[in-house]
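Chain A is the first sequence line, chain B the second, and so forth, proteins listed ahead of strands; every chain is numbered from 1.
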Amino acid sequence: MTNATAAKTMTQTWQSLCARAALVPFSGVAAWVETAEGPAQVALFYLPGHEQELYALDHHDPFSNANVIARGIVGDLKGQLVVASPIYKQHFRLEDGQCLEDDSVALRSWKVSFKGDEVWIEA
Amino acid sequence: MNTPNSDKQQLIIIGNGMVGHHLVEQLVERGATERYHVIVFGEERHLAYDRVHLSEYFSGRDADSLALSTADYYAEHGIELRLAEAVTAIDRDGSEVLTPQGRYRYDRLVLATGSYPFVPPIPGNDRDGCLVYRTLEDLDAIREAAETATTGVVVGGGLLGLEAANALRGLNLDTAVVEFAPRLMPMQVDSEGGELLREKIEALGVQVLTGRATQEIIDGEASRHRMVFQDDKVLETDLIVFSAGIRPRDELARDCSLEMGERGGVVIDDRCLTSDPAILAVGEVALWNNSIFGLVAPGYQMAKAAAATLLEGGMTFGGADMSTKLKLMGVDVGSIGDAHGDRTPGARMFRYLDPLKQQYRKLVVSSDGKRLVGAMLVGDNSVYDTLLQYYANRMELPEDPASLILPSSEGAPALGPDALPEAATICSCHNVTKGDVCATIDGGAVDLAAVKGETKASTGCGGCAALLKSLVDHELESRGVEVDKSICEHFAHTRQELYDIVRVEGIKTFGELIEKHGASHTPGLGCDICKPAVASILASCFNEPITDAAHIPLQDTNDTFMANMQKNGTYSVVPRIPGGEITPDKLVVLGQVAQKYGLYTKITGGQRVDLFGARLEDLPDIWGELIEAGFETGHAYGKSLRTVKSCVGSTWCRYGVQDSVGMAIHLENRYKGLRSPHKIKFAVSGCTRECAEAQSKDVGVIATENGWNLYVCGNGGMRPRHAELLATDLDDETLIRTIDRFLMFYVRTADRLQRTSVWRENLEGGLDYLKEVILDDSLGLGEELESQMQAVIDSYECEWANAIKDPEKLKRFRSFVNDSRPDPDIIVTEERGQLRPA
Ligand code: SRM
Ligand SMILES: Cc1cc2nc3c(=O)[nH]c(=O)nc-3n(C[C@H](O)[C@H](O)[C@H](O)COP(=O)(O)OP(=O)(O)OC[C@H]3O[C@@H](n4cnc5c(N)ncnc54)[C@H](O)[C@@H]3O)c2cc1C
Ligand code: SF4
Ligand code: FES
């Protein structure tokens, strides 16, 4: 392991983000997160009743350069859970941020989970 | 210096442009890498990219998305790719090429070096800010120079020059085009066409100077440069782009004494062999039969022939058709075959010029009147595909060839896919014929994507997409394959079927619908196609607020936030101004709100005011103030009624015969909030002078002495369509009843995102059928349609008024759930006294 990645894993920590009630079921909201690499705008998606209920991706849309991903429509395509950018409609996989229309583009993704009624993120 | 591995022959390709890369693909496809070790040299640092769409680099596409391939592809197939390494000489005696990095032995060599932009030898042409338009690097340089410039000139008014001019315009420069010939695009159009083109381009704010030869470029007074013309007139500018034609990059060939054309170009034969049989040439550097082909499709065909030659296979290059169709700055230009008619003895010409619509069409017909030998189009390419088929397949012309270019009410009879012969070329970029398409379908391809994948048709310039789709649909249908009209992978139903299911079964949520009627193989969330479509159906049927929790995840962002998202993530706010009538008090409020929240203000094409640049978290406050002043939402974001445009009518106008403003306001208030398959626009004019342009609307009402004439299914926008007269001299009450029925019938039966115009064109039985259903009530639906409409009208509530009284619904109107700061990345700047995105 190189020093850089060691440093990164060491400073990544779990932090509390917001209450469950701040989420919108089957849709997204955005949160401001101070991460190890600096501040980030994170889109949080909430799928109550699904095997994995919470996902976190970049809120920044690389195609339009606007911070809007949380305002996209959540759905599934060919069995994969995705969000569609509200501006130019590309689809990003919730699991890892991969763009389905362009192999070379992916959003960052973070680990998120509930602790009681709070949403926590590892960043 | 490099050691050839094993017993493979070494094949060197010089140039990694569009054609060089296509050759590599052809070689890989045909297994040539078994026989050859391939080395590719590219002078540019980028891997081959899509030069044809280069200009999109200025409109948001980046280098990666223009790339035609990846380094991995080359590596995977064992091809050595040496980018940013230009070949400087060919040593034919030693069978080696030289680069600054070393010498490389070859057994076979291919020149694919393309061409370079010709810069006329004008003193001063090498000044700072004198640029060309060919590579990504060139565009970077233009972008950089434009940052400190306010004006730009393109030297050369041909195809590429106009494309470059459009790019300069896009970079916000005051742009001019200087052409040496007496008209624009002298190769493609004649003087009449050229004149029309000039008018259209000038109307876009680009200055056009023809018949001007630049003598020198010197220091300017007001701008960086001053161009001095032959008549001592001058033009000042900060930036100059030369686009005065291309010249083959044949210097390597010349230096090693390959046979060259008189005016350049490496001579090749049908097998793409140069005068040295070890060396081939393809693409824009190659001269075949005394012609250089400056388009990508012939280059691809040469690449195919060259691959065959390298593998001793049969295919040869037999010349190519230079017909082109393009849209330059929104202006259609088409040129087919011998468009000037000067290469065909005895040719006869038909010309049609419409100075109002600014359309020019010309047919060049063989002396016996049977075949089309050329055509020229300016201002409207709608008949291009049909004409090209007549030309390319040498099909016999109709008895009256002029009918092909005259604006009969139905337009030229389009050649349907079944009228085409098997040999008809569908895609010229990849040389795919109708026969090829049929063969892949017979071979098992079941949809458009499969046909595209196998034949590559429609993956080049894209110009053939519409024709290919209609051919594939037609062929599938004629083989009894049901063309899948399902809305998406989640429902095996059309929109119309879903509408009926929802209404008959009284289903009120998306969840219930997908559970009962959705496809079972999906995770069941739906997608961005079916969710908004179902949301619209639910709203048409039950009209519950779209902001209710159950409907929120279904909506596009515009409906979710009841405002239109702009390119920087802010929103626009459009209050309803029924009929375009507004009191001074309300106007003042609009101004105050815009001032307070820093909104850019513009009068829209729909007779109302749009306030742009509202931040998400400001929307509720903005609407609070607007509602307070008596405004309602204008549904500018919804697939729903937009505006009812009106003229001032009998109240003020000396010609008006009815109160058009009163009727417009009444209609707007009646149908506001109706959600439909697509947006709906109305207009009401007070007399036949038609100042409200009602005949271009989905519903148009024109006053008569005796009442109102009702027109339906008109469209402005991308494909304008005149509305058709449905009924005449209606009284107020009948007018409204008829519109109720018409709208509800449309809402029930149209496809998703189908405007009334397209719906009407697909309606079997046409206008007569529509009249029967709406006026004669042939389906016995009249009352039901009216009562459904009444239900929607009765349940109307302004969505914004509903939302701002509910704190739960407003929760979402903030940039971050855990932080009150606004999005710091939204940056604005000032222009003409207002704010706009930076
Ligand atoms: C604001 C306005 C331009 C202006 O500054 O004048 C406008 C702006 C937009 N138009 Fe328009 N259109 C506007 C009048 C028109 C008109 C003129 C008219 O209504 O008389 C037309 C042609 C008439 C027609 O539709 O038949 C028009 C034809 C279109 C089309 C093409 C529709 C078609 O059937 O071909 C689109 C694209 C679409 O709807 O798919 C479009 C789409 C758009 C969108 C929604 C594009 C988008 O998705 O971002 C623009 C967003 C507006 C915003 O963010 O607020 N706009 N648009 C006009 C708003 C009118 C209003 O008060 O509501
Ligand atoms: C703005 C623009 C718009 C266009 N629009 C259209 C269109 O709409 N339709 C159409 O059909 N065509 C269009 N064209 C033309 C089309 O791009 C060309 O026909 C096509 O790119 C020719 O391919 P090529 O491989 O022969 O040349 P290129 O694509 O130019 O590739 C040649 C490559 O060889 C490299 N090279 C040259 N010399 C050497 C050397 N000594 N060593 C190593 N590498 C070398 C060059 O750097 C270049 O990368 C357009 C061109 C431009 C610039
Ligand atoms: S349409 Fe007729 S009534 Fe209306 S403004 Fe024009 S001339 Fe006057
Ligand atoms: S004609 Fe260019 S892609 Fe088919």
Residue selection (most heavy-atom pairs with chain B, distance under 4.5 Å) from Ala30(A), Gly75(A), Pro25(A), Ala66(A):
Ala30(A)

Chain B contacts, top residue of Ala19(A), Ala31(A), Cys18(A) (heavy-atom pairs, under 4.5 Å)
Ala31(A)

Under the side chain to side chain contact (heavy atoms under 4.5 Å, CB included) rule, what do Leu47(B) and Leu68(B) come out as? Steps first, then yes or no, please.
CA-CA 8 Å; Leu47(B) 201 126; Leu68(B) 295 172; 5.8 Å; no

State, with a plain yes or no, whether a side-chain heavy atom of Leu599(B) is found less than 4.5 Å away from one of Ile622(B).
yes

So do the side chains of Phe58(B) and Leu171(B) get within less than 4.5 Å of each other, counting heavy atoms only?
yes

Heavy-atom distance under 4.5 Å to chain B: side chain of Val74(A), backbone, both or neither?
both

Atom group of Ile529(B) that falls short of 4.5 Å from chain A, counting heavy atoms
neither

If you check both backbone and side chains, which donor-acceptor pairs between chain A and chain B fall under 3.5 Å?
from     : atom 1 : to        : atom 2 : distance (Å)
Ala21(A) : O      : Lys811(B) : NZ     : 2.6
Ser27(A) : OG     : Arg812(B) : NH2    : 2.8
Gly28(A) : O      : Arg812(B) : NE     : 3.4
Gly28(A) : O      : Arg812(B) : NH2    : 2.6
Ala30(A) : O      : Val817(B) : N      : 2.8
Trp32(A) : N      : Asn818(B) : OD1    : 2.9
Trp32(A) : O      : Asn818(B) : ND2    : 2.8
Gln41(A) : NE2    : Asp823(B) : OD1    : 3.0
Asn67(A) : ND2    : Asp823(B) : OD1    : 3.0
Asn67(A) : ND2    : Asp823(B) : OD2    : 2.9
Asn67(A) : ND2    : Asp825(B) : OD2    : 2.9
Arg71(A) : NH1    : Gly569(B) : O      : 3.1
Arg71(A) : NH1    : Tyr571(B) : OH     : 2.9
Val74(A) : O      : Lys531(B) : NZ     : 2.5
Asp76(A) : N      : Gly526(B) : O      : 2.8
Asp76(A) : O      : His490(B) : NE2    : 3.1
Asp76(A) : OD1    : His490(B) : NE2    : 2.5
Asp76(A) : OD2    : His490(B) : NE2    : 3.4
Asp76(A) : OD2    : Gly524(B) : N      : 3.3
Asp76(A) : OD2    : Leu525(B) : N      : 2.7
Asp76(A) : OD2    : Gly526(B) : N      : 3.4
Lys78(A) : N      : Glu489(B) : OE1    : 3.2
Lys78(A) : N      : Glu489(B) : OE2    : 2.8
His91(A) : NE2    : Asp528(B) : OD1    : 2.8
His91(A) : NE2    : Asp528(B) : OD2    : 3.3

Under the criterion side chain to side chain contact (heavy atoms under 4.5 Å, CB included), I'd like the reasoning laid out for Phe63(A) against Val105(A): C-alpha separation, chi angles, the key distance, then a yes or no.
CA-CA 9 Å; Phe63(A) 293 98; Val105(A) 177; 4.0 Å; yes

Which atom pair, heavy atoms only, marks the closest approach of Val83(A) to Ile69(A)?
CG2-O, 3.7 Å

Kindly give the heavy-atom pair with the smallest separation between Phe92(A) and Gly97(A), and that separation in Å.
CD2-O, 3.6 Å

Got a second to check how far Leu23(A)'s CG is from Leu17(A)'s CG, nearest 0.5 Å?
9.5 Å

Please report the interatomic distance CZ(Phe491(B)) to CG(Leu513(B)), rounded to the nearest 0.5 Å.
4.0 Å

